[in-house]
Peer 1: 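Please see the structure below; I have some questions.
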Amino acid sequence: MDVSYEACSEAAAWLRARLREPPRVALVCGSGLGALAQELRDPQSFDYAEIPHFPRSTVQGHAGRLVVGRLGSAPCAVLQGRFHLYEGYSPAQVVFPLRTLALAGVHTLVLTNAAGSLRPGLGPGHLLVIRDHIDLAGLAGRSPLVGPNDDRFGPRFPAMTGAYDAGLRRLALSLAPPELRATPGVYVGVGGPSYETPAECRLLRTLGADAVGMSTVSEATAARHLGLRVLGLSLITNSAPGDDVDDDDAGDVTACGAGPATPTGHAEVLAAAQVGARHLRALLAALAPKLDEPGRGRTRPDAP
Ligand SMILES: O=P(O)(O)O[C@H]1O[C@H](CO)[C@@H](O)[C@H]1O
């Protein structure tokens, strides 16, 4: 698969030729969160298979469809389906859709995901508003930015301090429906697709992580490389095994305080995400007026 700047530009031009207006905000739906696209007015919808160079979704709960419409007054593109490293995609393939959307006009990216809680008191149905992340694959050399740098996407060495926009985070925390018990925290991205062992969860906790998942970090890294503003929202679908869990019977014991000790399977993750999606939709509707701002654009001078 061609993941070059030229391939992204071709996909972006294909989209722009079909859209009533270029998108300025993009939203990536996490597992089971495809219903977030229902917030869009006047939607136009495209299967990923139609869009030049796009990868194909292989995971249940990721429809593989791009829906473009208005979120409040903001032209918004919703990716109903993301790509994960465990599907066998390279890091550059994982971030191809959001690079395409950036070239099509997007300046603000909302990343959503389903995640396991590592923090006592943070349980299924709660929302972690991502303050920072730990990219285990990236730290091990599997960043989407590895390889020759194309300066048209961004600089060779982008900063990742403040990667998640503080203003958007504060807004999300203040506007979230009370049912989500929204709290800021650190998301750790792991490779998957097996869920974590109790010992791995202990390790991730000592690293300072509050929630764990298999996505988001590559996308946030590529988005900052592109100069996009990023908001990250983790809907907690399960608790990861806690310190109190005996490795022999992790399935029997309630873990970090709330909900079943971890996951059991993707079906449960999808079911929990679908329950929380209702409140997440309310949050998006409340955030909508703040996501697009006149004058805001990609911070790179040569942005198309
Ligand atoms: O991060 P999203 O795409 O929401 O999906 C999460 O759910 C799947 C595991 O159930 C993994 O892909 C994990 O990353």
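Each residue takes its place number in the sequence, starting with 1. Quick caveat, the model's predicted, so the values are computed rather than measured. In each ligand, atom 1 is the first atom listed, and ligand 1 is the first ligand listed. Side chains included, hydrogens not; waters and symmetry mates left out as well; all remaining heavy atoms used.
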Peer 1: Which ligand 1 atoms, with their elements, are less than 4.0 angstrom from a heavy-atom of A114?
Peer 2: 1 (O), 4 (O), 6 (C)
Peer 1: May I ask you to check if ligand 1 and T112 share an N or O to N or O distance below 3.5 Å?
Peer 2: no
Peer 1: Going from NE2 on H84 to CG on N113, what distance comes out if it is rounded to the nearest 0.5 angstrom?
Peer 2: 8.5 Å
Peer 1: When you measure from atom 1 (O) of ligand 1 to every protein heavy atom, which one gives the shortest distance, and what is it?
Peer 2: S215 OG, 2.5 Å
Peer 1: Can you find an N or O of N113 that's nearer than 3.5 Å to an N or O of ligand 1?
Peer 2: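 Between N113 and ligand 1, no N or O pair is found under 3.5 Å apart.
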Peer 1: Are L280 and L173 connected, step by step, through hydrophobic side chains (Ile, Leu, Val, Met, Phe, Trp, Tyr) whose heavy atoms are closer than 4.5 Å?
Peer 2: yes
Peer 1: Would you check if there is a donor-acceptor pair between the side chains of H266 and Q60 at a distance under 3.5 Å?
Peer 2: no
Peer 1: Which is it for V269 and ligand 1 at heavy atoms under 4.0 Å: side chain, backbone, both or neither?
Peer 2: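 The side chain, only.
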Peer 1: Which atoms of ligand 1 sit under 4.0 Å from any heavy atom of Y86?
Peer 2: 11 (C), 12 (O)
Peer 1: Go through ligand 1 atom by atom and flag the ones less than 4.0 Å from a non-hydrogen atom of S31.
Peer 2: 2 (P), 3 (O), 4 (O), 5 (O), 6 (C), 7 (O), 8 (C)
Peer 1: As an exercise, identify every atom of ligand 1 less than 4.0 angstrom from a heavy atom of H84.
Peer 2: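 Going through ligand 1 atom by atom, the ones under 4.0 Å from H84 are 2 (P), 3 (O), 5 (O), 12 (O).
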Peer 1: Examine the side chains of Q44 and R18 and answer whether a donor and an acceptor come within less than 3.5 Å of each other.
Peer 2: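 R18 and Q44 do not have a side-chain donor-acceptor pair below 3.5 Å.
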Peer 1: Going by the order shown, which atoms of ligand 1 are within less than 4.0 Å of some heavy atom of G30?
Peer 2: 4 (O)
Peer 1: Looking only at non-hydrogen atoms, find the nearest pair between A115 and Y187 and report the distance.
Peer 2: CB-CE1, 4.0 Å
Peer 1: How long is the gap from CG on L33 to CG on L284, to the nearest 0.5 Å?
Peer 2: 9.5 Å
Peer 1: Which atoms form the tightest heavy-atom contact between G105 and R16, and what is the distance?
Peer 2: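 Where G105 meets R16 most closely, the heavy atoms are N-NH1, 4.3 Å.
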Peer 1: Which protein non-hydrogen atom lies closest to atom 9 (C) of ligand 1, naming both residue and atom, and how far is it?
Peer 2: Y195 OH, 3.4 Å
Peer 1: For ligand 1 and M214, I'd like to know whether there is a polar contact (N/O to N/O, distance under 3.5 Å).
Peer 2: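 Looking only at distances, the answer is yes, because the N/O contact criterion of under 3.5 Å is met.
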Peer 1: Can you tell me which residue among R224, R82, R99 is in a salt bridge (Lys or Arg N to Asp or Glu O under 4.0 Å) with E219?
Peer 2: R82
Peer 1: Please confirm whether R82 comes within less than 3.5 Å of ligand 1 when only nitrogen or oxygen atoms on both sides are compared.
Peer 2: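 Yes, there is a polar N/O contact under 3.5 Å.
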Peer 1: Return yes if a side-chain donor-acceptor contact under 3.5 Å exists between S9 and R152, otherwise no.
Peer 2: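 Side-chain D/A pair, S9 to R152: absent.
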Peer 1: I want to know if ligand 1 touches T216 in the polar sense, i.e. an N/O pair below 3.5 angstrom.
Peer 2: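 By distance alone, the answer is no.
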